[in-house]
Amino acid sequence: MRHAVSEPSVHESHPTDTHAAGDRELAPTARGRTSRPEPDCPVEVALAAVSGRWTTLVLRELMGGPLGFSELRERLPDLSAKVLSQRLRELRERGLLSVERRRGFPVRTRYTLTGAGRALRPLLIELYATGEALLATGPAAASDRPQA
């Protein structure tokens with residue numbers, strides 16, 4: 001005879017397992033099979049890498065090669081100097097960007113993506129494709145959502 005309180009039911013799972021955790025494509029390793037966002041979850045790490053308004057556009061521009069601050073401002077004219085400085089600092093702190101200061105007057109600064117920064121290229125491509133697909137569904141997708 002089973003005691004219902006002391007023995008887990010056949011349908012119970014580990015507290016960190018989720019329903020989708022069985023999908024090995026969505027969560028191929030244990031780090032992704034948690035029931036809440038964890039700092040070492042690969043999805044959370046990837047999302048943090050591209051988080052922040054304008055970050056994806058700065059990354060996109062730097063995918064073509066090193067650029068200076070002024071060149072980035074020219075390519076993204078609606079981005080303020082203050083926000084650009086913040087994004088560049090954040091990308092450097094995340095290990096996605098390296099900074100080279102060249103001697104002379106005025107001092108020239110070049111921003112280059114690191115290997116980790118260049119590794120974001122497929123993610124940015126997939127995010128764009130997914131966004132296009134979501135936009136293509138249009139307002140009909142909104143009517144498919146449950147009403148609150």
Side-chain angles (χ1 to χ4, degrees), residues 8 10-148:
V10 178
H11 301 290
E12 287 183 54
S13 62
H14 189 274
T16 59
D17 287 343
T18 65
H19 179 70
D23 185 336
R24 295 292 179 202
E25 189 174 23
L26 285 173
T29 66
R31 284 196 284 196
R33 291 189 287 272
T34 63
S35 60
R36 63 180 198 177
E38 298 289 345
D40 67 338
C41 172
V43 173
E44 294 297 322
V45 171
L47 290 174
V50 298
S51 70
R53 190 165 174 87
W54 294 96
T55 301
T56 55
L57 298 179
V58 173
L59 287 167
R60 180 194 68 195
E61 294 305 321
L62 290 169
M63 287 292 168
L67 293 172
F69 190 88
S70 296
E71 293 168 302
L72 284 165
R73 286 290 318 259
E74 287 173 16
R75 292 174 183 220
L76 302 168
D78 292 333
L79 175 57
S80 72
K82 178 183 175 184
V83 173
L84 177 56
S85 294
Q86 289 172 338
R87 294 305 165 261
L88 293 170
R89 184 175 50 256
E90 289 167 0
L91 290 169
R92 185 167 183 245
E93 290 169 357
R94 294 173 189 167
L96 304 173
L97 183 77
S98 64
V99 180
E100 175 191 353
R101 299 203 194 297
R102 296 184 179 174
R103 292 184 181 177
F105 185 80
V107 174
R108 298 282 179 188
T109 304
R110 303 290 284 175
Y111 299 93
T112 306
L113 292 177
T114 62
R118 289 188 304 276
L120 293 171
R121 183 180 173 81
L123 174 63
L124 294 176
I125 291 169
E126 191 58 37
L127 284 171
Y128 188 91
T130 301
E132 284 283 337
L134 291 171
L135 287 169
T137 61
S143 64
D144 293 341
R145 294 188 201 122
Q147 297 297 318

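Values below: all heavy atoms of this structure, side chains included; hydrogens, waters and symmetry mates excluded.
In this structure, CZ on R118 lies 12.5 Å from CG on L59, to the nearest 0.5 angstrom. For the atom pair CH2 of W54 and CD of E90, the computed distance is 14.5 Å after rounding to the nearest 0.5 Å. The distance from atom CG of L88 to atom CG of L96, rounded to the nearest 0.5 Å, is 11.5 Å. To the nearest 0.5 Å, atoms CG (L62) and CZ (R121) are separated by 12.5 Å.
The side chain to side chain contact (heavy atoms under 4.5 Å, CB included) test applied to A81 returns F69, R73, not counting sequence neighbours. Residues passing the side chain to side chain contact (heavy atoms under 4.5 Å, CB included) test with T29, sequence neighbours excluded: R31. Taking the salt bridge (Lys or Arg N to Asp or Glu O under 4.0 Å) definition, one finds that E74 meets it with nothing, sequence neighbours left out. With sequence neighbours excluded, no residue forms a side chain to side chain donor-acceptor pair (under 3.5 Å) with E93. In this structure, the side chain to side chain donor-acceptor pair (under 3.5 Å) partners of E38, at least two apart in sequence or on a different chain, are R36. Under the rule for a side chain to side chain contact (heavy atoms under 4.5 Å, CB included), the partners of S51 that lie at least two apart in sequence or sit in another chain are R94. Applying the side chain to side chain contact (heavy atoms under 4.5 Å, CB included) test to L123 and every residue at least two apart in sequence or in another chain returns A46, V50, L120, L127.
In this structure, A116 and G95 approach most closely via the heavy-atom pair CB-O, 3.9 Å.
Side-chain atoms of V45 and D40, non-hydrogen and from C-beta on, never get closer than 4.5 Å to each other. A 4.5 Å side-chain heavy-atom check between L72 and L79 finds every atom pair outside the cut-off. Between R53 and V83, every side-chain heavy-atom pair lies at or beyond the 4.5 Å cut-off. Inter-residue side-chain proximity for R60 and L76 is flagged as met; some heavy-atom pair is nearer than 4.5 Å.
The salt bridge (charged side-chain N to carboxylate O under 4.0 Å, His left out) analysis of residues 123-136, with sequence neighbours excluded, yields no pairs. The list of side-chain hydrogen bond (donor to acceptor under 3.5 Å, both in side chains) pairs with a residue in residues 105-115, not counting sequence neighbours, reads E71-R110, R101-T109. Note on residues 61-70: pairs passing salt bridge (charged side-chain N to carboxylate O under 4.0 Å, His left out), not counting sequence neighbours, are E61-R75.
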